[in-house]
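Report on the structure given below.
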Amino acid sequence: MPADVTCDVLPETVLTVEQAQERILETIQAITETEQLELSQANGRLLAETIQAGFDVPPHRNSAMDGYAFAHESLASTATLQQIGISWAGRPYLGSVSLGECVRIMTGACLPEGTDTVEMQENTQQQADQITLHTRPQCGEHVRYPGDDFKQGEIILETGRKLTAADLGLIASLGIPAVKVIRKPRIAFLSTGDELQTLGTPLAWGQIYDSNRYTLRALLQNLPVELIDLGIIPDQPQAVEQAFIQAQQQADLLITSGGVSVGEADFVTRSLQKLGEINFWKMAMKPGKPLAQGRLGNCLFFGLPGNPVSVMATFLLFVRPAILKLAGINVVQPRLHPALTLTPLKKVPGRKDFQRGIYTETAEGYQVRSTGKQESHLLRSMSQANCFIVLERDSGDVEAGSQVNILLFESLS
Ligand code: AMP
Ligand code: MG
């Protein structure tokens with residue numbers, strides 16, 4: 001072992017999955033730093049200011065129909081009005097309308113002075129400039145008033161709100177071009193391993209392609225984050241430490257894969273211990289033990305195992321909730337569903353298993369079958385699966401026909 005790698009004894013406590021999840025979330029504070037974003041970029045972001053209406057919306061009294069606008073009082077003496085002009089949406093009629101007169105009016109056009117009521121075109125008959133009303137509308141019919149939607153001074157959106165399509169429309173209707181939002185967490189990620197080759201380059205004897213970084217990137221792309229891809233890092237302590245220092249400077253959270261075990265070439269946990277702090281690194285979970293969790297200064301750290309299935313399972317169960325909390329999004333533990341297993345399941349007591357399963361929903365409830373072999377290097381099992389079959393720590397083998405719990409992948413995306 002190189003001289004600059006600390007040999008201190010690593011903490012030995014083995015946590016349960018639930019303890020690990022709790023211990024992670026306890027250490028995380030939501031990001032409060034903000035950025036100013038153009039409205040077109042703000043969908044789904046957390047608002048970091050209150051939005052107050054600077055004026056009434058709608059701003060003007062306008063027509064809800066294509067028809068004719070007039071003073072209701074005119075109808076006391078006649079049902080036929082003289083058309084004296086047209087009010088278009090965006091091009092209002094500027095004159096004033098006297099008793100016995102009307103203007104042709106379009107939907108969204110301003111009501112001219114002297115008018116208070118609109119009759120829809122379908123209920124009228126036109127002869128030259130004489131408009132006869134077939135029915136007698138109520139005073140104020142088909143008129144939209146200023147502030148109908150909201151009034152000047154009203155708070156229409158509160159700080160902390162996740163902006164929706166409708167919210168963005170509301171803000172736009174006030175003419176506000178940019179808003180203050182919470183900045184996204186910056187997530188750095190890298191792969192460790194001397195055996196890893198970049199895509200597009202032929203494999204030498206003993207090499208494999210770096211698949212984890214593509215899986216991780218895709219998992220991260222489902223979340224509101226900025227990505228910093230730090231590439232493939234060789235199994236050398238200096239290289240690992242250099243990457244850690246870079247991540248600490250640039251990111252809120254670093255995810256690594258590989259090198260967290262106790263092999264001669266596993267430098268991740270030891271480098272974390274040297275440059276930062278370890279929260280825990282052993283967990284009674286399969287796949288996924290070990291998982292090195294801690295921090296490098298202000299940068300949260302998740303050292304995932306190298307096996308591709310373990311990467312996905314530990315990401316979904318531990319990293320994803322951490323990122324959500326960092327991003328200011330409420331973390332709800334996904335619900336387990338009872339399901340009948342159609343296949344027997346092999347299980348050794350001692351660790352909580354997250355086996356790959358394929359569920360279907362039937363009239364009697366969920367049914368699930370195993371994808372087959374459960375080793376953590378078989379990524380295809382994740383590609384075929386649509387759920388984890390969750391087997392509690394003390395459980396042994398499970399017979400076909402038993403009830404188990406499943407965790408749907410769709411509740412983790
Ligand atoms: P490690 O945790 O570094 O001992 O790696 C465990 C297993 O995962 C080994 O078989 C590695 O070759 C494999 N592995 C590690 N990193 C990757 C990666 N980025 N892509 C695919 N397989 C990997
Ligand atoms: Mg390795």
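Numbering of ligands and ligand atoms starts at 1, following listing order. Heavy atoms only: backbone and side chains are in, while hydrogens, waters and symmetry mates are out. Here the structure is a predicted model, which means the values were calculated and not measured.
- Checked for salt-bridge contact, Arg45 and Glu35 meet the test: a charged N lies under 4.0 Å from a carboxylate O.
- Near ligand 1, residues Ser191, Thr192, Glu195, Leu196, Ile208, Tyr209, Asp210, Ser211, Asn212, Ser257, Gly258, Gly259, Gly306, Asn307 come within 4.0 angstrom through at least one heavy atom.
- By the 4.5 Å heavy-atom criterion applied to side chains, Tyr209 and Thr198 are not counted as neighbours.
- Aromatic ring centres of Phe315 and Phe302: separated by at least 6.0 Å.
- Sparse packing is recorded around NZ of Lys286, with 12 or fewer heavy atoms of other residues, nucleotides or ligands lying under 6.0 Å away.
- Between the side chains of Arg295 and Gln248, no donor-acceptor pair of N or O atoms lies under 3.5 Å.
- A cation-pi arrangement is not found for Arg356 relative to Phe388, the charged atom failing to lie both closer than 6.0 Å to the ring centre and inside a 45° cone about the ring normal.
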